[in-house]
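Right, one structure below, let's go through it.
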Amino acid sequence: MSDQYFSNFMSNLVQEKASVPGVDEDQDSLTNLCSLPYPTLAEKLKRAALDLKETIVVETWGFTGQKVEDPSLYTGTLGTAFLLLKSYRVTDNKNDLNLCSEIVKVCDSAPSNPRVVSFLLGRVGVCALGAAVANLLGDKQMVDYYLTQFKAINVNKEFQSEMIGGKAGYLWACLFLNKNLGHETISSTHTSVIVNDIIENGRKLGEKERCPLMFESNGKRYWGVAHGLAGIMYVLMHFDLKPDARADVKNTIKYMIHNRLASGNYPRDEETKSDELVYWCHGAPGVALTLVKAAEVFEDKEMIKAATDAADVVWARGLLKKVGICHGISGNAYVFLSIYRMTGHVEYLHKAKAFACFLLDRGHKLISEGKMHGGGTPYSLFEGVGGMAYLFLDMTDPVNARFPAYEL
């Protein structure tokens, strides 16, 4: 057993029972869960998610006296608001939407890091989420307020291009607003300037015959979603690119496929070629999500095969000793949901279900025993159990499941 992950002893496919079975004493509790009819399992996951959501609200909002120290979506209180929005969309409970709005308003008044301009870490996320929630509440005044605040944020050339803190993360927020408030809420004229800036920066560090686009973050040329190629390419593929830019994005993704590690995993960065991490932020899971988008955009069979190959790595090594979305089992389950959506093959739905069942059956116990890391911020969306609750809610409608704050 690795220090990073639990050995995956689960079957590739467990046959669901036609009706709700009794407990089979010859099977362990995890296998019994996996064999439940999907609607029954989905209801169990939803109940667990809603219970966990209440705990998260108490811990991050109630016990803090409704004060916000970290207004980010990644590890802070805005993540609780994002989870409440998801809960509202699953249950139609207006109380969740109202509380979500209240939390966003307090996050709006909290100081944010001026050095980041992304949905995950910056004020950008507060304004974008605030506008989307106000729109659902029919509060035009607050929609206008948040949009005005969003448009006042200066995205200058000094910011890095990365997803987690930089310009790609800002563009993702623009896509989120256009999806939730309507096409051209943030104009293509505005976004194209930033898209072109990212392409220009990538070409400066890239090598046309080898990898057309390359980016540097804190002195490293990362490949993963959070700081590097996979995240930036994912965002760029949502925009109407010029033919030469589109070709550069496609060939950059091809470069990653052709230079992946012998194990099938993807290295953390260009320099070290390390094969340690199987995370959303670094490694096969995040790259797999980008490859699914690339297969859709470019209609390329090699990219489909590369996505399923990456999913094989996640199945073998992705049952991590961490719970979260960014670097944990919760996030890795989304790889299978994404490929299930792409292929329609039930094997991938089963694998997502298996990871979710592992968390439902053993997650809390393993965390309490110190055998699984609950995250530095244990109730947060990206590091803690907030991500697990989000996954459980998404499992109620797997065809429409999307990795939170990444897949659109």
Flag the pair D309 and K305 as a salt bridge only when some basic side-chain nitrogen lies within less than 4.0 angstrom of an acidic carboxylate oxygen. yes

Taking the ring of F150 and the ring of Y170, is the distance between their centroids below 6.0 Å? yes

Residue from E271, E162, E207, E270 passing salt bridge (charged side-chain N to carboxylate O under 4.0 Å, His left out) with R221: E271

Whether S338 side chain and L289 backbone form a donor-acceptor pair below 3.5 Å: no

Under 3.5 Å: donor-acceptor pair, side chain of N251, backbone of K254: no

Run the salt bridge (Lys or Arg N to Asp or Glu O under 4.0 Å) test against R115 and tell me which residues pass, sequence neighbours left out. none

Determine, step by step, whether S188 and E184 satisfy the side-chain contact (heavy atoms from CB on, under 4.5 Å) criterion, reporting the C-alpha distance in whole Å, the side-chain angles of both residues, the deciding distance to 0.1 Å, and the verdict. CA-CA 6 Å; S188 54; E184 290 287 298; 3.2 Å; yes

If the plane angle is over 60° it's perpendicular, under 30° parallel, otherwise tilted; pick one for F336 and Y348. parallel

Tell me the closest heavy-atom pair linking G386 and L83, and the distance in Å. O-CD1, 4.1 Å

Distance, nearest 0.5 Å, that separates CG of D96 from CG of L85: 9.5 Å

Under-4.0 Å salt bridge between D244 and R203: yes

Tell me, please, which residues at least two apart from F239 pass ring pair (Phe, Tyr, Trp, His ring centres under 6.0 Å). none

In terms of side-chain heavy atoms, does N98 have a donor or acceptor partner in N95 at a distance below 3.5 Å? no

Check against side chain to side chain donor-acceptor pair (under 3.5 Å), N265 and S263: CA-CA 5 Å; N265 195 18; S263 67; 5.1 Å; no

Between T55 and E59: side-chain donor-acceptor atoms closer than 3.5 Å: no

For residues Y255 and M214, report the shortest heavy-atom separation together with the two atoms involved. CE2-CE, 4.3 Å

Can you name the nearest heavy-atom pair linking A81 to I103, along with the distance? CB-CG2, 3.9 Å

Is it the case that E383 and T75 place a side-chain donor and acceptor less than 3.5 Å from each other? no

Between T272 and D269, do the side chains contain an N or O donor and an N or O acceptor separated by less than 3.5 Å? yes

Is it the case that more than 12 heavy atoms not belonging to E369 sit under 6.0 Å from its CD atom? yes

List the atom of C107, the atom of P71, and the distance in Å for their closest heavy-atom pair. O-CB, 3.8 Å

With the threshold set at 4.0 Å, does a side-chain nitrogen-carboxylate oxygen contact exist between K44 and D361? no

Between S29 and N32, is any side-chain donor less than 3.5 angstrom from a side-chain acceptor? no

For A131, is there any backbone N or O sitting under 3.5 Å from a side-chain donor or acceptor partner on N135? no

Note: D108-R123 ion pair, threshold 4.0 Å (strictly below): yes

Would you call the rings of W315 and F355 parallel, tilted or perpendicular, where under 30° means parallel and over 60° means perpendicular? parallel

Ignoring hydrogens and geometry beyond distance, is a side-chain donor-acceptor pair present between H227 and E216 at under 3.5 Å? no

Students often mix this up, so state it plainly: with edges at 30° and 60°, are the rings of Y334 and Y390 parallel, tilted or perpendicular? tilted

Establish, yes or no, whether the cationic atom of K321 lies under 6.0 Å from the six-membered ring centre of F6 and within 45° of the ring axis. yes

Mutual orientation of the aromatic rings belonging to Y406 and F403 [parallel < 30°, tilted 30-60°, perpendicular > 60°]: perpendicular

Does one side chain, of T77 or T60, offer a donor that lies under 3.5 Å from an acceptor on the other? no

Examine F215 together with W223 and report whether their ring centres are nearer than 6.0 Å. no

In sequence, state the C-alpha distance, the side-chain angles, and the governing distance for H258 and E302, and then conclude on side chain to side chain donor-acceptor pair (under 3.5 Å). CA-CA 10 Å; H258 298 159; E302 183 183 27; 2.8 Å; yes

Please check if any side-chain donor atom of K322 sits under 3.5 Å from a side-chain acceptor atom of Y279, or the reverse. yes

Please tell me whether H345 and Y340 form a close aromatic pair, meaning their ring centres lie under 6.0 Å apart. no

Step by step, work out the salt bridge (Lys or Arg N to Asp or Glu O under 4.0 Å) result for D28 and R362. CA-CA 12 Å; D28 62 21; R362 305 182 180 192; 3.6 Å; yes

Could you walk me through whether F82 and F119 satisfy the side-chain contact (heavy atoms from CB on, under 4.5 Å) test, starting with their C-alpha distance in whole Å, then the side-chain angles of each, then the deciding distance to 0.1 Å, before giving a yes or no? CA-CA 11 Å; F82 200 75; F119 189 83; 4.0 Å; yes

Electrostatic pair E296-R341, nearest N-O below 4.0 angstrom: no

Closer than 4.0 angstrom, basic N to acidic O: yes or no for D394 and R402? no

Under the rule for ring pair (Phe, Tyr, Trp, His ring centres under 6.0 Å), what residues qualify as partners of H238, not counting sequence neighbours? Y234

Here the pair of heavy atoms bringing L137 nearest to L97 is CD2-CD2, 3.5 Å

What one should report as the nearest heavy-atom pair of K167 and K157 is NZ-O, 3.7 Å

